[in-house]
Number of protein chains: 2
Amino acid sequence: MSKSSVAAALAPQDYVVLGMVRLGARSGYEIKQMVELSIRFFWTISHVQIYPALRQLEERGLIEGRDEPRGKLARRVFEITAAGDHALASWVAEAGPMPFELRDLGMVKLFFADVASDADAGALLGAVRARSAERVAALQAIEPVAEAADTEGTHFPGLTLQLGIAFHQAMVDVCDRFAAEVTPAKGQRTP
Amino acid sequence: MSKSSVAAALAPQDYVVLGMVRLGARSGYEIKQMVELSIRFFWTISHVQIYPALRQLEERGLIEGRDEPRGKLARRVFEITAAGDHALASWVAEAGPMPFELRDLGMVKLFFADVASDADAGALLGAVRARSAERVAALQAIEPVAEAADTEGTHFPGLTLQLGIAFHQAMVDVCDRFAAEVTPAKGQRTP
DNA sequence: GGTAACATGTAAGCGGTTACATGATTAG
DNA sequence: CTAATCATGTAACCGCTTACATGTTACC
């Protein structure tokens with residue numbers, strides 16, 4: 001009832017925007033970029049959602065914006081306020097449900113892969129493995145950036161990076177083990 | 001253009017339903033249950049989508065249904081056809097994008113956790129760890145079922161189960177390592 | 001001079017969930 | 001006799017994405 005005009009708690013994407021401003025993203029455009037470079041593996045946001053979020057955050061005094069055009073190119077830049085810092089910290093600390101939603105067609109196909117031929121199932125397994133391996137590589141490529149941030153006092157982005165690397169590496173390992181079990185010789189199982 | 005009445009390729013959830021019928025789920029109700037017991041960690045479906053999917057699959061001849069009421073309780077049960085087997089196998093074998101979509105508020109909060117106090121950040125880390133630990137336990141509890149299926153010739157559900165376990169165990173491990181680094185003594189970092 | 005990147009928006013649509021609705025059967 | 005489970009549906013709604021829209025600045 002009534003998410004009309006009064007309270008209406010901030011949504012997750014509002015906090016994402018707030019957090020990115022805190023980490024130094026100035027314009028909506030930069031926020032979108034920073035999201036793509038950092039949390040895109042476990043959260044996405046489109047620019048369409050960012051601009052309304054910025055307006056709302058500013059209305060609430062959690063960020064402060066000023067127009068700073070590049071020549072004739074309209075541009076509004078933001079900084080987090082003390083109230084914003086506090087709101088973000090409260091949200092982070094706030095206990096409550098943290099939904100973990102995974103949607104993975106690859107795993108679904110694997111689940112049903114008994115219906116396919118050994119060759120097709122093997123190819124699918126290889127594809128799933130490759131996908132995770134690529135992601136591991138992509139994440140490892142970011143490690144220097146995270147380490148740089150770490151020395152400057154920002155430690156947790158590195159943790160989420162390690163989490164991403166670890167779980168995709170774990171998937172690669174399981175795929176390898178299974179492939180070894182299933183094709184010890186050449187498509188034969190249970191020797 | 002035109003997903004009117006002619007072709008309109010089957011959507012993932014249609015294949016999920018088809019696959020579950022193949023694995024022995026007979027009614028829509030049973031399909032929903034089996035989804036909850038098996039692939040819910042990487043795919044969800046609500047009963048609202050299942051019944052239209054069943055109708056569509058039957059129209060295409062991929063499953064065959066007959067009314068089999070329990071007394072006065074309406075109930076329609078299904079079996080997969082040879083054409084259905086083939087369609088499922090083709091889909092599984094079909095190369096193509098396999099989006100891996102993860103949405104995890106816990107990781108988002110962790111990413112921004114530098115804004116919080118050491119105590120709050122530690123609590124958050126513990127909560128994320130606990131969440132994955134619980135999931136590991138829940139998945140391990142299913143292992144006997146997967147092993148039973150394995151001996152009966154259904155091998156791949158066990159693989160996805162191992163993937164899930166490994167995935168969350170990896171997250172637990174990273175959380176533990178990070179917690180050890182950050183609190184060697186008592187909230188001090190970089191000794 | 002052209003292409004990529006910068007910068008911000010509106011509007012339509014879709015895939016999916018939630019709420020609502022109904023009723024029968026089984027187990028305690 | 002009451003609650004949980006079985007079994008299937010309709011309708012409203014909502015968050016999010018896609019497509020559309022526009023113009024600027026910087027680089028090659």
Side-chain angles (χ1 to χ4, degrees), chain A residues 1-4 8-17 20-21 25-37 39-40 42-58 63 65-78 97 99 101-103 105 108, chain B residues 1-4 8-17 20-21 25-37 39-40 42-58 63 65-78 97 99 101-103 105 108:
Chain A
M1 309 99 181
S2 104
K3 64 171 61 176
S4 43
L10 294 172
Q13 63 271 27
D14 297 316
Y15 288 107
V16 167
V17 169
M20 289 303 177
V21 170
R26 298 167 61 72
S27 63
Y29 189 88
E30 281 181 24
I31 291 167
K32 171 64 175 159
Q33 282 186 139
M34 197 176 274
V35 167
E36 291 307 305
L37 288 173
I39 63 173
R40 67 141 175 257
F42 47 89
W43 200 269
T44 63
I45 209 173
S46 86
H47 76 274
V48 177
Q49 319 172 255
I50 290 174
Y51 296 101
L54 284 169
R55 273 179 233 117
Q56 205 192 140
L57 291 169
E58 194 175 5
I63 57 177
R66 64 175 187 284
D67 289 323
E68 200 169 274
R70 303 267 226 212
K72 285 183 184 175
L73 184 58
R75 179 163 171 266
R76 191 169 176 83
V77 297
F78 300 88
E101 284 161 44
L102 179 59
R103 291 213 126 207
L105 263 192
V108 173
Chain B
M1 305 98 192
S2 106
K3 62 172 59 175
S4 44
L10 293 172
Q13 63 268 27
D14 298 317
Y15 288 108
V16 167
V17 169
M20 289 302 176
V21 170
R26 299 166 61 72
S27 64
Y29 190 87
E30 280 181 26
I31 291 168
K32 171 65 175 159
Q33 282 185 140
M34 196 177 275
V35 166
E36 290 306 306
L37 287 173
I39 64 171
R40 70 144 172 257
F42 47 89
W43 201 268
T44 63
I45 210 173
S46 86
H47 77 272
V48 177
Q49 318 172 256
I50 290 175
Y51 296 101
L54 285 168
R55 274 179 231 118
Q56 206 192 140
L57 292 169
E58 194 174 8
I63 57 176
R66 64 176 188 283
D67 288 323
E68 201 169 272
R70 303 265 226 213
K72 285 183 183 173
L73 184 57
R75 178 161 170 268
R76 191 168 176 82
V77 297
F78 300 88
E101 283 161 45
L102 179 59
R103 291 216 125 208
L105 262 192
V108 173

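The figures that follow rest on heavy atoms only: side chains count, while hydrogens, waters and symmetry mates do not. Sequence lines set the chain letters: A, B, ... in the order given, protein chains first and strands last, and positions in each chain run from 1.
Regarding contacts with the backbone of D/dT24, every side-chain N or O of A/Arg75 stays at 4.0 angstrom or more from both OP1 and OP2.
In terms of the ring pair (Phe, Tyr, Trp, His ring centres under 6.0 Å) criterion, residue partners of B/Tyr15 (sequence neighbours excluded) are, by chain and number, B/Trp91. With sequence neighbours left out, the salt bridge (charged side-chain N to carboxylate O under 4.0 Å, His left out) criterion links A/Glu68 to A/Arg26, A/Arg66, A/Arg75. For B/Glu58, the side chain to side chain donor-acceptor pair (under 3.5 Å) partners at least two apart in sequence or on another chain are B/Arg76. Residues satisfying the side chain to side chain contact (heavy atoms under 4.5 Å, CB included) criterion with A/Ala11, sequence neighbours excluded, are A/Gln13, A/Asp14. In this structure A/Pro52 satisfies the side chain to side chain contact (heavy atoms under 4.5 Å, CB included) test together with A/Arg55, sequence neighbours excluded. Scanning for side chain to side chain contact (heavy atoms under 4.5 Å, CB included) contacts around A/Ser46 gives A/Val48, A/Gln49, with sequence neighbours left out. Remark: A/Glu101 pairs with no residue by the side chain to side chain donor-acceptor pair (under 3.5 Å) rule, at least two apart or across chains.
Among D/dT25, C/dT8, D/dA7, the nucleotide with an atom closest to any side-chain atom of A/Lys72 is D/dT25.
Atom C1' of nucleotide D/dC6 and atom CG of B/Asp67 are separated by 16 Å, given to the nearest angstrom. Rounded to whole angstrom, the span from the CZ atom of B/Arg26 across to the P atom of D/dT8 amounts to 12 Å. Here the P atom of nucleotide D/dT8 and the CG atom of B/Leu73 are 8 Å apart, to the nearest Å. In this entry the distance linking CZ of B/Arg55 with C1' of D/dA7 reads 13 Å, nearest Å. Atom CG in A/Leu54 sits roughly 13 Å away from atom C1' in C/dG9 (whole-Å rounding). Between A/Glu101 atom CD and C/dT17 atom C1' there is a gap of 11 Å when expressed in whole angstrom units.
Where B/Phe78 and A/Gln13 each meet DNA chain D at their nearest nucleotide, the meeting point lying more 5' is that of B/Phe78.
Using a 4.5 Å cut-off on side-chain heavy atoms (C-beta onward), B/Leu54 and B/Ile31 make contact. The shortest side-chain heavy-atom distance between B/Phe42 and A/Val108 falls under the 4.5 Å cut-off. Counting heavy atoms from C-beta outward, A/Met20 and A/Ile39 have side chains that approach closer than 4.5 Å.
Here the CZ-CG distance, from A/Arg40 to B/Leu102, works out to 13.0 Å after rounding to the nearest 0.5 Å. The line from CZ of A/Phe78 to CG of A/Leu57 is 9.0 Å long, rounded to the nearest 0.5 Å.
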Between A/Val17 and A/Ile45, does a side-chain contact (heavy atoms from CB on, under 4.5 Å) hold up when you go through it step by step?
-> CA-CA 9 Å; A/Val17 169; A/Ile45 209 173; 4.0 Å; yes
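Near-neighbour residues of DNA chain C inside residues 43-52 of chain A, defined by a heavy atom below 4.0 Å, number-ordered: A/His47, A/Val48, A/Tyr51.
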Identify each atom pair where a protein N or O and an N or O of nucleotides 2-4 of chain C are less than 3.5 Å apart, giving names and distance.
none

Tabulated below should be each protein N or O lying under 3.5 Å from an N or O of nucleotides 26-28 of chain C; please produce it.
none

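As judged by a 4.0 angstrom heavy-atom cut-off over every strand, A/Arg103 is placed among residues touching the sugar-phosphate backbone only. Backbone-only engagement by B/Gln33 is indicated by non-hydrogen atom pairs under 4.0 Å involving sugar-phosphate atoms exclusively.
Comparing the end axes of the helix from C/dG1-D/dC28 to C/dG28-D/dC1, each fitted to five base pairs by superposing C1' atoms of four pairs onto the next four, gives an inter-axis angle of 40° (nearest 10 degrees).
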